[in-house]
Amino acid sequence: ERATGGAGTQARGAAVEAAELSAGISAGFARRAAALLYDSFLISALLMAFTAASLFFTRGQAILPENAGAWAYLYRAGLVCIVAGYFVLNWTHSGQTLGMRAWHLYAVDNRGIRLKTGMALLRFVCAVAAWTPAALGVLWLYVDPQRLALHDRLSKTRIVHLASRR
C-alpha cells in the first residue's frame, strides 16, 4: 500500500512539475548569460583535469599534431565531448546545469517535458551556433514574439525561468 501511495504521489509530483514547467516564462538574455558564466567555471575545471591527464601521456609536451600526431585530434574531440556531455547529461537528467540551478532555469521541450538525449544534443549543437557569432542567435529572443532564442526555435526546446522555485 505504501509503495502504491508513493508512486501515486510521485506521479502527481511529476504532473505538477510538467504543468509548472510548461507554464514557465522564457528566460531572458541576462539570466542565460549569467548561467553560462557559472557553467564556464565548472567546465573549465573539467577541461583542465582532462588536459592534465592527457599531458601525462605526452610526458608534459603540448598536445599538438607535431608532437602527438593523430592523438592531438583525439584530444580535441575529447574536449568537445566533455563540454557536450556536461550540457546533455545535465539537461536530460535534471533539466538544469549548475549555472541554471542558481538562476532557476530549466531546459524543456515545447510541452514542458525534460529533454531526451537526441533533443538535448540538437539543442547543444544549435546553441553553439547561436552563441558563437557574438550571441546574435541568443539575442534573437528580443525580436521573437515568444521570447525564444534562435536555437530554442531550431531545436524545439526552450529555457524557462521559474521564479516560484526557491
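When reading the values below, keep in mind they use all heavy atoms of this one structure, side chains included, and skip hydrogens, waters and symmetry mates.
Taking the six-membered ring where the residue is Trp, the centroids of F29 and W131 are separated by under 6.0 Å.
Considering CG of L55 and CE of M48, their distance stands at 12.5 Å, rounded to 0.5 Å. Atom CG of N110 sits about 8.0 Å away from atom OG of S155, to the nearest 0.5 Å. The OG1 atom of T157 sits 7.0 Å away from the CE atom of M119 when rounded to the nearest 0.5 Å. Once rounded to the nearest 0.5 Å, the distance linking CD1 of I25 with CD1 of I159 reads 13.0 Å. The distance from the CZ atom of R153 to the CG atom of D144 is 4.0 Å, given to the nearest 0.5 Å. Here D109 contributes atom CG and W91 contributes atom CH2; the two are 13.5 Å apart, rounded to the nearest 0.5 Å.
When the shell of 6.0 Å around OH of Y142 is examined, it contains more than 12 heavy atoms from other residues, nucleotides or ligands.
Hydrophobic clustering of Ile, Leu, Val, Met, Phe, Trp and Tyr side chains at less than 4.5 Å, counting indirect connections, keeps F87 apart from L37. Note on V83 and V138: same hydrophobic cluster, where clusters join Ile, Leu, Val, Met, Phe, Trp and Tyr whose side-chain heavy atoms are under 4.5 Å apart, directly or indirectly. Follow the hydrophobic side-chain contacts under 4.5 Å out from Y106 and you never reach L141; the two are in separate clusters. Placement of W71 and L47 in two distinct hydrophobic clusters is found when ILVMFWY residues are connected by side-chain heavy-atom separations under 4.5 Å, directly or transitively. Taking hydrophobic clusters as Ile, Leu, Val, Met, Phe, Trp and Tyr residues chained together by side-chain heavy-atom distances below 4.5 Å, V128 shares a cluster with L46.
Residues L98 and F41 have side chains not in contact (no heavy-atom distance under 4.5 Å, counting atoms from C-beta outward). No side-chain heavy atom of C126 sits less than 4.5 Å from a side-chain heavy atom of K156. The shortest side-chain heavy-atom distance between I43 and I82 does not fall under the 4.5 Å cut-off. Counting heavy atoms from C-beta outward, N67 and I63 have side chains that stay 4.5 Å or more apart.
Put simply, the side chain of R158 never gets that close to the backbone of V108: no donor and acceptor are under 3.5 Å apart. Q96 contributes no side-chain N or O that, together with a main-chain N or O of H104, makes up a donor-acceptor pair within less than 3.5 Å.
Taking the charged nitrogens against the carboxylate oxygens, R123 and D152 do have a contact shorter than 4.0 Å, which makes a salt bridge.
In terms of heavy-atom proximity, R114 sits nearest to S94 at NE-C, 3.7 Å. Closest heavy-atom contact between S26 and L148: OG-CD2, 4.0 Å. D39 and G99 make their closest contact through OD1-N, 2.7 Å (heavy atoms, listed as atom of the first residue, atom of the second, distance). Counting all heavy atoms, side chain and backbone alike, W103 lies closest to H161 at O-CD2, 3.3 Å. The minimum heavy-atom distance linking A27 with L105 is given by the pair CB-CD2, 3.5 Å.
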task = Go through the steps for L79 and T51 under the test side chain to side chain contact (heavy atoms under 4.5 Å, CB included), then give the verdict.
result = CA-CA 8 Å; L79 294 174; T51 299; 4.1 Å; yes

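Relative orientation of the F50 and Y75 rings is parallel, given thresholds of 30° and 60° on the angle between their planes.
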